[in-house]
Engineer: 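Take a look at the following structure, please.
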Amino acid sequence: MRSSSVPPIAIVKAHNRTPLKSSSITIPSSPLPFHTLSERTHIPSHVYKHPAAVLLELCTSMKELHQIIPLVIKNGLYNEHLFQTKLVSLFSKYGSINEAARVFEPIDDKLDALYHTMLKGYAKNSSLETALAFLCRMRYDDVKPVVYNFTYLLKVCGDNADLKRGKEIHGQLITNSFGANVFAMTGVVNMYAKCRQIDDAYKMFDRMPERDLVSWNTIIAGFSQNGFAKKALELVLRMQDEGQRPDSITLVTVLPAAADVGSLMVGKSIHGYAIRAGFAKLVNISTALADMYSKCGSVETARLIFDGMDQKTVVSWNSMMDGYVQNGEPEKAIAVFEKMLEEGIDPTSVTIMEALHACADLGDLERGKFVHKFVDQLNLGSDISVMNSLISMYSKCKRADIASDIFNNLNGRTHVSWNAMILGYAQNGRVSEALNCFSEMKSLGMKPDSFTMVSVILALADLSITRHAKWIHGLVIRSCLDKNIFVTTALVDMYAKCGAIHMARKLFDMINDRHVITWNAMIDGYGTHGLGRAALDLFDKMKKGTVEPNDITYLSVISACSHSGLVDEGLHHFKSMKQDYGLEPSMDHYGTMVDLLGRAGRIKEAWDFIENMPISPGITVYGAMLGACKIHKNVEFGEKAANKLFELNPDEGGYHVLLANIYASTSKWSKVAEVRKTMEKKGLKKTPGCSLVELRNEVHSFYSGSTTHPQSKRIYAFLEELGYEIKAAGYVPDTNSILDVEDDVQEQLLNSHSEKLAIAFGLLNTSPGTTIHVRKNLRVCGDCHNATKYISLVTGREIIVRDMQRFHHFKNGICSCGDYW
DNA sequence: GGTATCCAAA
């Protein structure tokens, strides 16, 4: 909005509408309406001043109404038109349209007003169809419709998004020559807008012979709510050119549009106008302003406005919570929630959804459960949106089991419910459940949308099977979702994770307007495949284009450098992220930097880097350090890193195991024994190694040393046989990390590692020439890595192993990682 | 008896 187009403070004087109050308090009404009515219809004063009339005016419930009616009858007032109309109106108001009809029908000489009241009752309580039928009957009974018969019928159509009936009423309205009435036509415009027919809405607006402020507000709201924010903003300028001054409702309507385009400049000019026009202190305006600032990324300004508000509604609180959630500060959102409860504000469904969202982002299960209690307390169990939020909160807090319980007991599931559940399974590695949920959804005739596809693709990316990847890709195309940037980005990521990095790039090149996440996915794909140079080339290309890299881009770039040993490049880009793009490195960035230096053997440098960090180093940082010390057999820094990790995460046994391995690799056996004793004393266990391999739509999982698989005997026999073959080819078992036992036992233990079992199973059950895909939950062990190289050589098979860090493509005795991992 | 602010899944 051009600020010049907003006249200065004169607006207030020219403005003859009083600003809207946030909420009006209903004071028990006096018999005034009866009085005014009596003047028009000549009702004698003994009727409208009768105590029964006063009681009906004060009546607030069905129960009271039933107590008053005998009084009406006893006093012989039942046949008075005034009482008949009032009774019809009250019965409709309290939801009993049948009783209203029972009063209405027997009356002989029905006034027009009685028909209008009855029609309103049908519109409010019955179907639109019944109301329309009654409208027909009115014509039959020779009752002339008035304009408000149409306005509230149109409102009902809009609220129910019933376009069919809306059009019918539009037609009737024209027949009754209300086509030029500003009230009626505003109602028509609103109806089309609410039925998401914004083009028709605008056409009607455009044809109106006369437009008042409300008509302008209606069409602006229409564009704003249908996602045409720019158009809404344009119309605010145009209305001023045509002599209409935006009022507080215009501003409340258009502020979300400003938020949508995300332009602080536009938002600030509206803010300026609001101040000049004297609207800025209104509670709904300041709420909408704060919301706009949050959505434009300036949550601090939003908070300033929020704190400066004389009064707040629950919407103000909800909006502030949302601001923090959307700006990645969930703990502050929770703080607002707690403050709100302290101040005795009653939370609404939106409050609870925001709180759940914040808990989900924090991964805080305990707090999530605490918020869940409010759902029952506030009786929100039938609010589908709230239930969907619960599903995604539990999923993000790694409790897909609770999420699926809620989902399974949920009535009236929407697309969002299904999508949330599929995503929940996908995020928790429950691939087959995600796929089952997906096919169940389809079998119920629900069409997958872009959210569904992204969720399914994420699940399949986890599975990493090219055949599945191609299947979903085909489905995406057939569902016409192949132009959606989130879907195509997910496909790029999935192909990369399946090891089909060339296919990923082909798809990437075909995308016209790439989003920053698209670039990130491709760069990360190259990185995890050890194609550091390709990742850097693509990053250069990105920087030359219009899409700006973000913090995630840099994480992928540095990690790509780390996987390929490009230390200097990594150091350079780390510096550049803050210098050139003003991006503050996060803990993950520091962790990746330590990994980069440490993996390359620059252990001392990595430690110095940690000591010079501006923030307190976390688990990821020391974890990377310990991993590097394991690779380079560095006891001194390994111990330092491990001790920090024992403090930071005392429940994780894996760090003790890593430290023990470092001791073992330098033959410090007494130290190894010490660590083992500590672990026993603390009851710590190592996360068991687990490898997965898919065969004919079934995922087979193997734990180290397990003998529970039906083919177990065959697998171990095959591994023994394979052992001779690869030894003949030059393989030497690396028994460094297996302790305290005889050589042949050591070899046996090595042979029972989960990845070897999975590979053997794959070889036994697939035809020659096919590629075997294995996924492992931990990092591949050194001996398995070496053995797999030889296995790929002697069997002539390509084996792709994806561990928790990256991909290893084994082919002809060589691994794609170049043994740098 | 016509217009309005906060919200569920990537």
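So that the names make sense, note that chain A is the first sequence line, chain B the second, and so on, each numbered from 1. Predicted, not measured: the structure shown is a model, and the values here were computed from it.
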Engineer: Is any side-chain N or O of A:Gln427 closer than 4.0 Å to OP1 or OP2 of B:dA9?
Structural biologist: no
Engineer: Base of B:dG2, side chain of A:Thr186 - is there a donor-acceptor contact under 3.5 Å?
Structural biologist: yes
Engineer: Does A:Asn284 get its side chain close enough to the base of B:dT5, under 3.5 Å, for a donor-acceptor pair?
Structural biologist: no
Engineer: Mind checking if A:Thr287 touches a base, just sugar-phosphate, or nothing, with heavy atoms under 4.0 Å?
Structural biologist: base
Engineer: Of the nucleotides B:dC6, B:dG2, B:dA9, which has the atom closest to the A:Phe183 side chain?
Structural biologist: B:dG2
Engineer: Can you list everything that forms a side chain to side chain donor-acceptor pair (under 3.5 Å) with A:Asp493? Sequence neighbours excluded, please.
Structural biologist: A:Lys497
Engineer: I want to verify a distance call: between B:dA10, B:dC6, B:dA8, whose nearest atom is closest to the A:Asn318 side chain?
Structural biologist: B:dC6
Engineer: Restricting to side chain to side chain contact (heavy atoms under 4.5 Å, CB included), what partner residues turn up for A:Ala221, sequence neighbours left out?
Structural biologist: A:Gln225, A:Thr253
Engineer: Give the rounded distance in Å between these two atoms: OH of A:Tyr425 and P of B:dA10.
Structural biologist: 16 Å
Engineer: What does A:Ser385 touch in the nucleic acid at a heavy-atom separation under 4.0 angstrom: a base, only the sugar-phosphate, or nothing?
Structural biologist: base
Engineer: Please state how far atom CG in A:Leu153 lies from atom C1' in B:dG1, giving the value in whole angstrom units.
Structural biologist: 10 Å
Engineer: Does A:Asn190 place a side-chain N or O at less than 4.0 Å from the phosphate oxygens OP1/OP2 of B:dT3?
Structural biologist: yes
Engineer: Does anything in residues 166-173 of chain A come within less than 4.0 Å of DNA chain B? Heavy atoms only, and list the residues if so.
Structural biologist: none
Engineer: Side chains of residues 351-362 of chain A: which donor-acceptor pairs under 3.5 Å do they make with residues two or more places apart or in other chains?
Structural biologist:
{"from": "A:Thr351", "atom 1": "OG1", "to": "A:Asn318", "atom 2": "OD1", "distance (Å)": "2.6"}
{"from": "A:Thr351", "atom 1": "OG1", "to": "A:Thr348", "atom 2": "N", "distance (Å)": "2.8"}
{"from": "A:Thr351", "atom 1": "OG1", "to": "A:Thr348", "atom 2": "O", "distance (Å)": "3.3"}
{"from": "A:Thr351", "atom 1": "OG1", "to": "A:Thr348", "atom 2": "OG1", "distance (Å)": "3.2"}

Engineer: When you check the side-chain N and O atoms of A:Ser556 and A:Thr553, is any donor under 3.5 Å from an acceptor?
Structural biologist: no
Engineer: From NZ of A:Lys396 over to P of B:dA8, roughly how many Å is that when rounded to an integer?
Structural biologist: 10 Å
Engineer: Take the protein atom CE of A:Met387 and the nucleotide atom P of B:dA8, then report the distance between them rounded to whole Å.
Structural biologist: 17 Å
Engineer: Of the candidate nucleotides B:dC7, B:dA9, B:dT5, which contains the atom at the shortest distance from the side chain of A:Ala420?
Structural biologist: B:dA9
Engineer: If you check every side-chain atom of A:Ser392, which of B:dG1, B:dC6, B:dA9 has the closest atom?
Structural biologist: B:dA9
Engineer: Please answer whether B:dA9 and A:Phe451 are stacked, defined here as ring centres separated by less than 5.5 Å and planes angled under 30°.
Structural biologist: yes
Engineer: Taking CD1 from A:Ile391 and C1' from B:dA9, how many angstroms apart are they, rounded to a whole number?
Structural biologist: 10 Å
Engineer: Decide, yes or no, whether a salt bridge links A:Asp200 with A:Lys203 under the criterion of side-chain N to carboxylate O below 4.0 Å.
Structural biologist: yes
Engineer: Please tell me if the side chains of A:Ser92 and A:Val88 come closer than 4.5 Å, counting only heavy atoms from C-beta onward.
Structural biologist: yes
Engineer: Please report, rounded to the nearest Å, how far the C1' atom of B:dA10 is from the CG atom of A:Leu460.
Structural biologist: 15 Å
Engineer: Classify the nucleic acid contact of A:Leu423 as base, sugar-phosphate or nothing, counting any heavy atom under 4.0 Å across all strands shown.
Structural biologist: sugar-phosphate
Engineer: What contact category does A:Thr351 fall into here, base, sugar-phosphate, or nothing, at under 4.0 angstrom with non-hydrogen atoms?
Structural biologist: nothing
Engineer: If you check every side-chain atom of A:Leu458, which of B:dA10, B:dT5, B:dA8 has the closest atom?
Structural biologist: B:dA10
Engineer: Under 4.0 Å between any heavy atoms, over every strand shown, what does A:Lys155 touch: base, sugar-phosphate, or nothing? Just pick one.
Structural biologist: sugar-phosphate
Engineer: Whether A:Glu242 and A:Arg211 form a salt bridge (side-chain N of Lys/Arg under 4.0 Å from carboxylate O of Asp/Glu) is what I want to check.
Structural biologist: yes
Engineer: How is A:Lys124 classified with respect to the nucleic acid when contacts are heavy atoms under 4.0 Å: base, sugar-phosphate, or nothing?
Structural biologist: nothing
Engineer: Base of B:dG2, side chain of A:Asp212 - is there a donor-acceptor contact under 3.5 Å?
Structural biologist: yes
Engineer: Nearest whole Å is fine: how far is B:dG1 P from A:Tyr122 OH?
Structural biologist: 21 Å
Engineer: Considering residues at least two apart in sequence or located in another chain, which fulfil the ring pair (Phe, Tyr, Trp, His ring centres under 6.0 Å) criterion with A:Phe407?
Structural biologist: A:Trp418
Engineer: Looking for any heavy atom pair under 4.0 Å, which part of the strands does A:Ser450 touch: base, sugar-phosphate only, or nothing?
Structural biologist: base
Engineer: Of the listed nucleotides (B:dA8, B:dT3, B:dT5), which one gets closest to any side-chain atom of A:Val214?
Structural biologist: B:dT3
Engineer: Across the strands shown, which category fits A:Val182 at heavy-atom distances under 4.0 angstrom: base, sugar-phosphate, nothing?
Structural biologist: base
Engineer: Between atom NZ in A:Lys447 and atom P in B:dA9, what is the gap in whole Å?
Structural biologist: 23 Å
Engineer: With a 4.0 Å cutoff (strictly under), does any side-chain N or O of A:Lys295 reach OP1 or OP2 of B:dC7?
Structural biologist: yes
Engineer: In chain order, what residues pass the ring pair (Phe, Tyr, Trp, His ring centres under 6.0 Å) check against A:Tyr324, with sequence neighbours excluded?
Structural biologist: none
